[in-house]
Every structure is written in structure tokens, then in C-alpha cells.
Amino acid sequence: MRYFISKIFLIAICLNIAIFSHVNAGAKLEKSIITITTAVKSYDFLVELAISSKEKSIGLMYRQSMAVDSGMLFKYNPLQIANIWMKNTYIPLDIIFISHDGVIENIIERTTPHSLDVISSTAKIRAVLELNAGIVAKFNIKAGDIITHDIFDN
């Protein structure tokens, strides 16, 4: 009986590894440069673009780390109130909600990994930018700052 339970446990672990590897391996997203312009300086980030519903639903789930100058940009069309959660997300994030013209509407800093709390935009937005937690504070990024990228009308 003990052998049978051990074998089932081993199979379950292998399946989880295969599923998580598939999720991350399938995430061959297009990359692009965005520029955040604050009152003091501009900063460039190399971001992955999450455009399709599937790409947006997976987002940064299951990733263990992300380069400091990287992030993920989620595009919404039409404009909408965006609702995000941190389920299966291992990396604490700063989440930036962006209007159609690239203006930052609101920011939620240092989200809690694996939280099921819903994080929402305060207005209808074009995009959500996810960066490593602490970037917003480090570069003094604020609501009203401008993000430049092809998806915005700026």
C-alpha cells in the first residue's frame, strides 16, 4: 500500500512539473520596449506583450523571477475596468493601470504573491503594466506620468 501511495505521489509531482513547464514554455510572447517618463527622468523596460485572452489569463503565473528591467504589458481593447489577481504568481509586483493615451491612472505597489484579492483600475484603461515590486518607488513613478508605446495614442 505504501509503495502504491508513493507511486501516485511521484506521478502527481511529475504531472505538476509537466503542466508548469508547458505553461512557461508556451509563453513565447512578443517583446517590446516601453518608456516611462516621470517628472525627473525617462526609463526604458523590455516588456512581454500579453494581447490574447489566453496570454492575459496566464500572465506572469508560475514564474520564479523576472529581470529588473523587464515586465509584462497587458493590452485591453476596448477600454475597460481591469481586474487582476495574484493567484499562482510567485513574484511580488507593482501594477500600473494606463489610459488610452499612455497616462498612468493608478498604481498598486508591492502586491502579495498568491493572493486572491482583486486589484482593480480606478477608470477604464487601455493597458496594465506589471513590473517587479519596488520599481515604482525606486524610480518615483506616479499617477499622471506617461508611458510611451505603440498601443497608446501618444
Side-chain angles (χ1 to χ4, degrees), residues 15-154:
L15 282 173
N16 279 330
I17 290 170
I19 289 168
F20 295 150
S21 297
H22 175 71
V23 167
N24 286 331
K28 299 280 185 189
L29 301 177
E30 179 183 344
K31 293 184 180 181
S32 187
I33 300 289
I34 62 144
T35 302
I36 302 175
T37 303
T38 68
V40 177
K41 191 174 178 182
S42 292
Y43 304 95
D44 291 334
F45 292 88
L46 178 63
V47 297
E48 294 176 86
L49 301 176
I51 307 296
S52 73
S53 295
K54 182 178 180 181
E55 292 167 344
K56 287 187 274 195
S57 68
I58 295 171
L60 291 170
M61 290 193 312
Y62 306 111
R63 298 196 193 181
Q64 299 293 323
S65 63
M66 183 168 59
V68 175
D69 61 346
S70 295
M72 184 171 282
L73 185 66
F74 298 76
K75 180 184 178 186
Y76 293 91
N77 193 18
L79 300 180
Q80 60 190 269
I81 299 291
N83 297 300
I84 307 290
W85 67 351
M86 296 292 291
K87 181 179 180 181
N88 299 320
T89 305
Y90 295 89
I91 308 167
L93 300 170
D94 288 342
I95 299 178
I96 301 172
F97 297 96
I98 312 156
S99 69
H100 70 94
D101 56 359
V103 176
I104 296 175
E105 289 289 333
N106 65 300
I107 301 171
I108 306 298
E109 294 183 62
R110 299 184 184 277
T111 59
T112 303
H114 305 289
S115 172
L116 299 180
D117 294 341
V118 177
I119 302 164
S120 301
S121 61
T122 56
K124 289 185 176 183
I125 52 95
R126 167 68 65 223
V128 173
L129 175 62
E130 294 181 347
L131 301 172
N132 284 300
I135 295 293
V136 165
K138 180 179 180 179
F139 296 134
N140 201 26
I141 299 168
K142 303 211 177 297
D145 289 345
I146 305 293
I147 297 184
T148 307
H149 186 271
D150 292 343
I151 69 168
F152 302 116
D153 302 327
N154 58 8

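Values in this document were obtained by computation on a predicted structure and should not be read as measured data.
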Report yes if the side chains of [X] and [Y] come closer than 4.5 Å at any heavy-atom pair, otherwise no.
| X | Y | result |
| --- | --- | --- |
| Ser99 | Glu105 | yes |
| Leu49 | His149 | yes |
| Leu46 | Asp69 | no |
| Ile119 | Asn83 | no |
| Ile104 | Ile146 | no |
| Lys56 | Ile51 | no |
| Thr38 | Asn140 | no |
| Val103 | Ile98 | no |

Which atom pairs, donor and acceptor, lie under 3.5 Å between side-chain atoms of residues 125-137 and protein residues at least two apart or in another chain?
residue: Arg126; atom: NH1; partner: Tyr76; partner atom: O; Å: 2.7
residue: Arg126; atom: NH1; partner: Asn77; partner atom: OD1; Å: 3.3
residue: Asn132; atom: ND2; partner: Met66; partner atom: O; Å: 3.2
residue: Asn132; atom: ND2; partner: Ala67; partner atom: O; Å: 3.0

When you compare the side chains of Ser42 and Thr37, does any donor N or O come within less than 3.5 Å of an acceptor on the partner?
yes
Is a salt bridge present between Arg63 and Glu48, judged by a nitrogen-to-oxygen distance below 4.0 Å?
yes
For Ser57, the side-chain hydrogen bond (donor to acceptor under 3.5 Å, both in side chains) test, sequence neighbours excluded, returns none
Tell me, please, which residues at least two apart from Thr148 pass side-chain hydrogen bond (donor to acceptor under 3.5 Å, both in side chains).
none
Exceeds 12 heavy-atom contacts within 6.0 angstrom, atom NZ of Lys124:
no
Would one find more than 12 heavy atoms of other residues, nucleotides or ligands at under 6.0 Å from atom CD of Gln80?
yes
Excluding sequence neighbours, so at least two apart, what forms side chain to side chain contact (heavy atoms under 4.5 Å, CB included) with Asn88?
Met61, Tyr62
Under the side chain to side chain contact (heavy atoms under 4.5 Å, CB included) test, residues paired with Asp150 that sit two or more places apart
none
Residue pairs involving residues 95-142 (criterion ring-ring contact (aromatic ring centres under 6.0 Å, His included); sequence neighbours excluded)
Tyr43-Phe139, Tyr90-His114
To the nearest 0.5 Å, how far apart are OG in Ser120 and CD1 in Ile95?
10.0 Å
The reported gap from CD1 in Ile81 to OG1 in Thr122 (rounded to nearest 0.5 angstrom) is 7.0 Å
Can you check whether Ile91's main-chain N or O pairs, donor with acceptor, with Thr89's side chain at less than 3.5 Å?
no
